[in-house]
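Computation of the quantities below employed the complete heavy-atom set of this structure, encompassing side-chain atoms and omitting hydrogens, waters and symmetry-equivalent molecules. It should be emphasised that the depicted structure is a prediction, and the values quoted were computed from it without experimental measurement.
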Amino acid sequence: MSESEEIMNSEFDFESIHDKRTDELTSLLDSRDMKGLKRRMEEMNEFDVAEFLTEIGDKRMPMVFRLLSKETAAEVFANFEAPEQEQIINSITDSELGNIIEELYVDDAVDMMEELPANVVKRVMRTATPETRNLINQYLRFPENSAGSIMTSEFVDLKKYMSVKESFARIRRIGEDKETIYVCFVISADRKLEGIVTVKDLLLADDDVIIEDLMDRDVIFASTTEDQESVSEKFSDYDLMALPVVDREGRLVGIVTVDDIIDVMEQETTEDFEKMAGMMPSDKPYSRTSAFEMWKNRIPWLMFLMLSATFTSMILTSFEDMLAVLPGLVAFIPMLMGTGGNSGAQASTAVIRSLSLGDVEPGDALRVMWKEGRVAFLCGLSLAVVNFAKMIFVDGMALHNGNITVAVAATVSLSIVFIVIFAKVVGSSLPILAEKLGVDPAVMANPLISTVTDAVSLLIYIYMAKIILHI
């Protein structure tokens with residue numbers, strides 16, 4: 001690549017642009033050019049400003065934050081993590097804090113309240129206006145991880161008797177403080193949801209067309225108590241930009257926007273990964289979780305799995321005399337148990353993901369087990385053939401291992417077939433059973449399935465040796 005091409009590529013590389021911008025801001029700060037620093041930050045995306053402020057250190061962050069205008073400061077504040085928000089709150093006056101709270105969208109304010117310590121929350125609530133305080137308290141009463149807890153009340157509402165021209169006038173009048181104006185919600189006099197209309201619909205229609213003739217009456221919505229995971233599925237299934245949230249009487253009380261649901265999807269995926277790895281879910285990112293908290297999250301499953309492994313040692317002890325007749329059989333136990341655990345993990349991961357995407361339902365249990373059974377047979381047969389050849393030609397002939405006979409190789413290889421079939425059927429059925437019982441399927445993931453398959457794999461191997469080798 002020529003030098004000119006490298007320069008052009010670097011100019012259009014986002015990471016390079018981001019690094020240059022950070023270096024520029026740091027240079028302005030070091031040279032104490034506060035006017036230039038303020039002007040540059042006001043031109044930037046709020047997330048990038050928040051990231052820069054987080055990087056410059058605890059001592060300088062509050063000072064630089066106070067350079068921002070009231071509107072920008074609120075948007076940057078919403079992009080901070082809880083520790084940075086607490087630090088800013090403790091470094092500004094009640095008047096400045098009140099301005100920020102009033103500029104924040106309600107859902108961002110509620111998220112902040114749920115993360116901050118109680119003494120900081122008290123100060124925040126004290127500086128908020130009575131209207132904002134009441135609204136925040138109303139949102140905090142919704143169940144955790146429900147649609148009501150993540151919705152915002154900042155949306156554009158229209159009436160069905162309005163014309164397109166009147167609708168645009170209303171959007172211009174109230175739209176500045178709304179979280180989105182691209183989707184507008186049509187409500188009745190008693191605030192019941194009647195339909196939705198997009199700005200695209202309005203732009204393409206004549207000024208005198210009535211909203212009732214444009215709006216879509218087949219509205220996808222959520223209830224305030226609906227679980228946030230169900231809400232995220234609706235966004236995925238229907239490609240939504242915003243989802244209306246209604247109360248028990250069908251009145252529109254808020255909306256969930258796509259940026260909020262992306263955070264939910266990230267949170268739910270993280271929880272699933274943690275459960276599948278045998279850890280208790282944590283609300284904090286890895287870098288902000290203490291070693292003590294990690295210990296509390298990880299030790300329960302580790303303790304359970306260690307104690308449950310006692311079954312495997314009990315099986316080995318029970319058949320100790322039999323294994324002593326052919327000690328060479330012991331060498332293949334780790335390989336068989338590992339193969340069973342890996343096979344079960346593959347099946348459980350695939351089924352858990354399908355359940356989370358709605359591709360598989362609990363009623364599909366027999367269809368899933370039949371499919372996994374066929375996959376298991378093909379996988380087990382392939383592994384058995386390769387293992388048989390490896391034991392005969394490598395272990396037996398090349399390494400001159402006298403314990404390897406055709407009968408021993410057949411015992412190990414046939415055991416693989418049955419172990420893989422068992423592991424995949426169990427790995428696919430346990431998550432579906434968990435879903436049917438109302439338990440998170442991710443709980444039935446790798447650690448638990450590996451424990452079950454380890455014990456059963458050993459039993460299959462021992463009884464296969466009894467049948468083939470007559471010991």
Side-chain angles (χ1 to χ4, degrees), residues 42-43 45-46 69-75 78 99 101-110 129-132 134-136 138-139 147-148 150-224 226 231 234-262:
E42 293 286 348
E43 297 170 351
N45 183 278
E46 296 79 20
S69 65
K70 184 172 67 173
E71 294 78 10
T72 305
E75 292 173 345
N99 288 334
I101 300 304
E102 294 309 311
E103 289 291 331
L104 283 176
Y105 291 123
V106 177
D107 57 332
D108 291 330
V110 172
T129 63
E131 293 80 9
T132 301
N134 290 337
L135 196 55
I136 290 173
Q138 178 185 338
Y139 276 58
I150 61 172
M151 71 182 182
T152 179
S153 60
E154 285 95 355
F155 57 87
V156 175
D157 58 307
L158 303 173
K159 298 293 190 294
K160 62 184 179 182
Y161 55 77
M162 287 181 171
S163 67
V164 169
K165 185 176 181 179
E166 291 171 332
S167 299
F168 273 127
R170 177 168 174 77
I171 293 171
R172 292 189 188 99
R173 187 170 67 255
I174 68 171
E176 184 177 356
D177 297 326
K178 304 306 178 185
E179 189 146 341
T180 180
I181 63 170
Y182 306 112
V183 182
C184 304
F185 302 89
V186 184
I187 59 174
S188 63
D190 56 356
R191 300 198 62 78
K192 291 196 173 177
L193 181 63
E194 295 186 319
I196 61 170
V197 63
T198 66
V199 171
K200 178 182 176 182
D201 297 330
L202 298 175
L203 284 170
L204 297 178
D206 294 331
D207 287 349
D208 57 350
V209 174
I210 303 301
I211 294 298
E212 186 174 13
D213 298 331
L214 285 177
M215 70 181 190
D216 183 359
R217 290 178 171 81
D218 185 18
V219 184
I220 311 301
F221 63 90
S223 62
T224 52
E226 189 171 334
V231 174
K234 288 179 179 176
F235 270 84
S236 177
D237 292 342
Y238 296 100
D239 295 327
L240 301 174
M241 291 291 290
L243 179 73
V245 181
V246 300
D247 61 14
R248 291 178 181 176
E249 286 75 38
R251 293 184 298 241
L252 182 63
V253 292
I255 65 169
V256 178
T257 53
V258 68
D259 59 319
D260 295 320
I261 216 63
I262 287 173

According to side-chain contact (heavy atoms from CB on, under 4.5 Å), who are the partners of E75, at least two apart in sequence or on a separate chain?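 For E75 the side-chain contact (heavy atoms from CB on, under 4.5 Å) partners, ignoring immediate neighbours, are E46.
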Do other residues, nucleotides or ligands put more than 12 heavy atoms under 6.0 Å from the CZ atom of F221?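 Open: at most 12 neighbouring heavy atoms sit under 6.0 Å from CZ of F221.
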Using modelled atom types and a 3.5 Å cut-off, is there a donor and acceptor pairing between side-chain atoms of [X] and backbone atoms of [Y]?
X	Y	value
E102	T129	yes
K159	A189	no
E154	V106	yes

Please name the pair of heavy atoms, one in A147 and one in S223, separated by the smallest distance, quoted to 0.1 Å.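 It is CB-O, 3.3 Å.
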How close do M162 and S167 get, heavy atom to heavy atom, and via which atoms?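 Looks like CB-OG, 3.8 Å.
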Please name all residues satisfying side-chain hydrogen bond (donor to acceptor under 3.5 Å, both in side chains) with [X], sequence neighbours left out, ordered by chain then number.
X	answer
E42	S69, T72
D259	T257
E43	R40
T180	none

Quick note, salt bridge (charged side-chain N to carboxylate O under 4.0 Å, His left out) partners involving residues 208-220, not counting sequence neighbours, are E212-R217
Of all pairs that satisfy salt bridge (charged side-chain N to carboxylate O under 4.0 Å, His left out), the ones with a partner from residues 169-189, not counting sequence neighbours: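 For residues 169-189, and leaving out neighbouring residues, the salt bridge (charged side-chain N to carboxylate O under 4.0 Å, His left out) pairs sorted by first residue read D157-R170.
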Only pairs under 3.5 Å count here: list side-chain donor-acceptor contacts from residues 240-249, not counting sequence neighbours, and write none if there are none.
unit_1 : atom_1 : unit_2 : atom_2 : d
D247   : OD1    : E249   : N      : 3.0
D247   : OD1    : G250   : N      : 3.1
D247   : OD1    : R251   : N      : 2.8
D247   : OD2    : R251   : NE     : 3.0
D247   : OD2    : R251   : NH2    : 3.1
E249   : OE1    : R251   : NH2    : 3.1

Side-chain contact, heavy-atom cut-off 4.5 Å: L104 with I101? yes
Does the side chain of I261 come within less than 4.5 Å of I150's, by heavy atoms? yes
Under the criterion side-chain contact (heavy atoms from CB on, under 4.5 Å), I'd like the reasoning laid out for M151 against Y139: C-alpha separation, chi angles, the key distance, then a yes or no. CA-CA 8 Å; M151 71 182 182; Y139 276 58; 3.6 Å; yes
Can you tell me how far OH of Y182 sits from CD1 of I171, rounded to the nearest 0.5 angstrom?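 Those atoms lie 11.5 Å apart.
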Tabulate below the donor-acceptor pairs under 3.5 Å that side-chain atoms of residues 190-206 make, not counting sequence neighbours, or state none.
unit_1 : atom_1 : unit_2 : atom_2 : d
D190   : OD1    : S188   : OG     : 2.3
T198   : OG1    : D201   : N      : 3.1
T198   : OG1    : D201   : OD1    : 3.4
T198   : OG1    : D201   : OD2    : 3.0
D201   : OD2    : T198   : N      : 3.2

